[in-house]
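Working notes for the structure below.
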Amino acid sequence: MAYSDVLLPGDEVPQEQLPSNPKKALSIGPGLRHIPPSTISATSVGALNVDWRRNAAWMDVNGGRYLPSTNDPIIVRVTGSSGEAFNCQITPYTSYAALPHLSFQDATKKTRPQLANGALVYARIATPAAHLLHIDPELTCIDPSTGKSEGLGPLKGGMLFKISLGMARRLLMTSKRAKEDAKIIILDRLGEKWGFEVAVGRNGYLWVDANDIQRTMAVGRAITEVDEQGLVVQEQEALAQKVLKQG
Amino acid sequence: MPSHQSAQVNTLPHPDGSATVSSNGYTVLCTVNGPLEAQRRDEQPLEAFIEVHIRPANGVGGPPERSLESTLLSFLHPIILTPALPRSLIQITLQILSVPPTAQTLRTGSAASVARIALLPSLAHAAQLALLAARIPMRTVACVASLAVVEGTGEVGVVGVGETGGGKVEAVHAVGYSRQGKCLLWEMSGRGDGRGMKAVEGEARRRCLVEGGKGEDVVMGGVEGRREDLMGWLEGTIGGWLKGQQRWKGES
């Protein structure tokens with residue numbers, strides 16, 4: 001990695017490195033900010049990424065605390081229940097997110113799920129926090145376009161593992177091309193031999209259930225190892241062989 | 001100068017960001033958590049509230065630590081892009097892990113103010129690296145050099161590293177420059193005149209950013225083209241850390 005690829009806070013992004021599609025407004029993602037009239041400068045460290053087709057620029061950012069944004073799938077912990085919503089925690093020591101009792105598939109006042117304190121829920125962010133209005137984030141377990149749960153809902157059994165935000169983003173890349181970029185094969189390799197369920201939360205959590213505590217642990221630990229040590233594809237292959245042999 | 005210092009990013013697994021920095025014989029561990037929910041009385045409607053805690057190597061903190069905290073806060077406040085995180089709290093905790101043997105008993109008197117100046121670079125660099133690791137939006141990055149002026153000769157050297165040749169020290173300064181060359185910190189203790197300050201300014205600028213900001217042809221994390229200034233050292237540290245984070249891409 002040559003030094004010129006990496007930006008530090010306060011560095012201006014040279015105009016010629018930014019995409020310039022005359023038909024679309026330039027969209028800037030994490031790590032960059034716009035100083036009127038036409039300066040784009042970095043607010044974090046990392047390499048600059050650009051997409052000329054979508055006229056977008058952003059920075060490779062991994063680490064830090066998760067900041068809620070609309071439609072992100074996340075794993076939350078229920079910490080209590082008020083009149084019509086569960087209070088949920090997205091990250092520790094931040095304000096609660098509300099998960100309305102009726103925002104589960106087929107939920108009515110009588111059939112709504114009864115969630116105890118500490119229960120885990122796989123949910124989507126409906127509205128992120130609006131700081132100036134003093135509004136906390138709101139969650140939902142229903143896809144608004146279909147009215148179905150689409151995989152969201154209470155997570156029963158299994159185990160929760162902590163992963164980095166970058167790893168969560170990589171695991172959630174599902175389109176064929178994005179999957180190649182994500183360079184994660186460990187799940188596919190383990191999935192060829194074992195049956196298990198995983199849920200990935202953008203807030204840096206991974207939930208695994210293989211109906212068998214030993215296998216659940218093996219899968220979760222394999223993925224955290226890939227994350228912590230930054231294993232490349234060949235190393236993941238070797239790790240998968242090792243894990244399958246032991247389990 | 002970089003040979004006297006070392007730094008590591010993300011040394012702890014649980015905080016949002018952490019860093020350990022050693023320089024001038026001091027080792028400082030910094031952790032950053034944020035954005036968190038601020039207490040009602042601290043909450044500010046249009047910007048983040050920053051909290052700085054400094055814990056000494058032994059015992060509990062007292063007035064010297066409170067004074068250092070306020071100095072560090074006024075240095076960090078313009079660096080952090082606080083309007084990007086309104087109503088939230090950014091918590092910065094610095095634990096001094098080790099101090100040079102000579103500074104062990106320096107809690108009062110002029111020796112204490114020398115120790116305070118000598119400690120500032122480690123605190124400032126550790127806090128900024130931890131903030132970067134926590135991905136707190138920032139306006140810039142700054143380097144701090146601590147310098148001593150020798151009585152009589154007016155010679156300027158680094159505090160506590162013996163570069164002043166054992167002469168009697170007239171004044172000590174901690175001076176910080178941003179990447180864009182702006183002075184963000186100037187703490188001094190002792191006597192000084194305009195000419196002395198001028199010499200300190202030139203020397204501090206040279207030690208902080210020898211190339212006046214950006215280095216273009218330096219290979220990150222490598223030994224090649226190693227720069228001798230503090231900004232070069234900071235960039236190298238960050239580069240090494242980023243390289244570790246990008247390992248999975250398998251490009252190197």
Side-chain angles (χ1 to χ4, degrees), chain A residues 1-12 30-33 35 41-47 59-67 89 91-96 129-136 162 164-167 170 181-184 204 226-236, chain B residues 9-10 13-14 16-17 32-38 45-46 79-81 84-89 91 128 131-142 178-180 213-222 225 231 234-236 238-239 241-252:
Chain A
M1 202 191 311
Y3 179 67
S4 51
D5 295 346
V6 172
L7 296 168
L8 262 75
D11 288 359
E12 276 178 30
L32 298 175
R33 72 171 170 141
I35 305 170
S41 89
T43 61
S44 192
V45 282
M59 262 162 87
D60 252 345
V61 165
N62 184 14
R65 183 168 286 258
Y66 171 72
L67 295 176
Q89 198 156 51
T91 50
Y93 309 108
T94 47
S95 46
Y96 295 124
H131 283 297
L132 294 179
L133 302 174
H134 286 240
I135 293 173
D136 291 332
K162 198 152 176 27
S164 71
L165 299 190
M167 185 67 177
R170 283 163 68 199
D181 290 340
K183 299 197 173 156
I184 294 181
V226 169
D227 180 23
E228 277 160 16
Q229 297 177 17
L231 299 186
V232 297
V233 172
Q234 294 92 320
E235 289 166 328
Q236 289 179 37
Chain B
V9 184
N10 270 345
H14 292 297
D16 294 329
V32 169
N33 280 298
L36 309 173
E37 187 181 17
L46 296 177
I79 291 180
I80 299 172
L81 193 61
L85 302 166
R87 287 184 62 218
S88 61
L89 163 73
Q91 207 170 44
Q128 290 185 89
L131 282 164
L132 288 172
R135 297 291 176 183
I136 302 290
M138 285 160 76
R139 285 195 181 89
T140 185
V141 175
S178 78
R179 224 167 132 63
Q180 284 71 30
K214 284 192 182 183
E216 296 298 340
D217 358 281
V218 180
V219 177
M220 288 211 92
M231 190 55 84
L234 213 58
E235 282 168 7
I238 292 166
W241 160 58
L242 286 180
K243 210 169 166 183
Q245 277 205 336
Q246 304 284 326
R247 185 183 181 275
W248 59 272
K249 288 192 173 170
E251 280 164 0
S252 55

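All values below were derived from every heavy atom in this structure, side-chain atoms included, with hydrogens, water molecules and symmetry-related copies excluded. Proteins get letters first, then strands, A, B, ... in listed order; numbering begins at 1 in each.
A:D60 is listed as a side-chain neighbour of B:Q246, based on a closest heavy-atom distance under 4.5 Å.
Rounded to the nearest 0.5 angstrom, A:M59 CE and B:R135 CZ are separated by 6.5 Å. With rounding to the nearest 0.5 angstrom, the CD atom of B:E37 is 7.5 Å from the OG1 atom of A:T94.
The choice from B:L132, B:L131, B:L89, B:V32 that makes the most heavy-atom pairs within less than 4.5 Å of chain A is B:L132. Comparing A:S44, A:G64, A:S41, A:P92 by how many heavy-atom pairs each has under 4.5 Å with chain B, the most go to A:G64. Each of B:G17, B:P13, B:P35 has some count of heavy-atom pairs under 4.5 Å with chain A, and the biggest count is that of B:P35. With chain B as partner, the option from A:D227, A:I184, A:V233, A:L231 having the largest number of non-hydrogen pairs under 4.5 angstrom is A:L231.
When all heavy atoms are compared, the tightest approach of A:R65 to B:N33 is NH2-OD1, 4.0 Å. B:R179 and A:P9 get closest at one heavy-atom pair: CD-O, 4.1 Å. When all heavy atoms of B:R139 and A:R33 are compared, the pair lying nearest together is CG-NH2, 3.8 Å. Closest heavy-atom contact between A:V232 and B:R247: CG1-O, 3.5 Å.
Within the 4.5 angstrom heavy-atom criterion, no atom of A:Q236 approaches chain B. Looking at A:D181, the atoms closer than 4.5 Å to chain B (heavy atoms on both sides) all sit in the backbone: N, CA, C or O. For A:L67, the part lying under 4.5 angstrom from a heavy atom of chain B is the side chain only. With a 4.5 Å cut-off on non-hydrogen atoms, B:L81 touches chain A through its side chain but not through its backbone.
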message: Pair A:R170, B:W248 - check side-chain contact (heavy atoms from CB on, under 4.5 Å), show working.
response: CA-CA 11 Å; A:R170 283 163 68 199; B:W248 59 272; 3.3 Å; yes

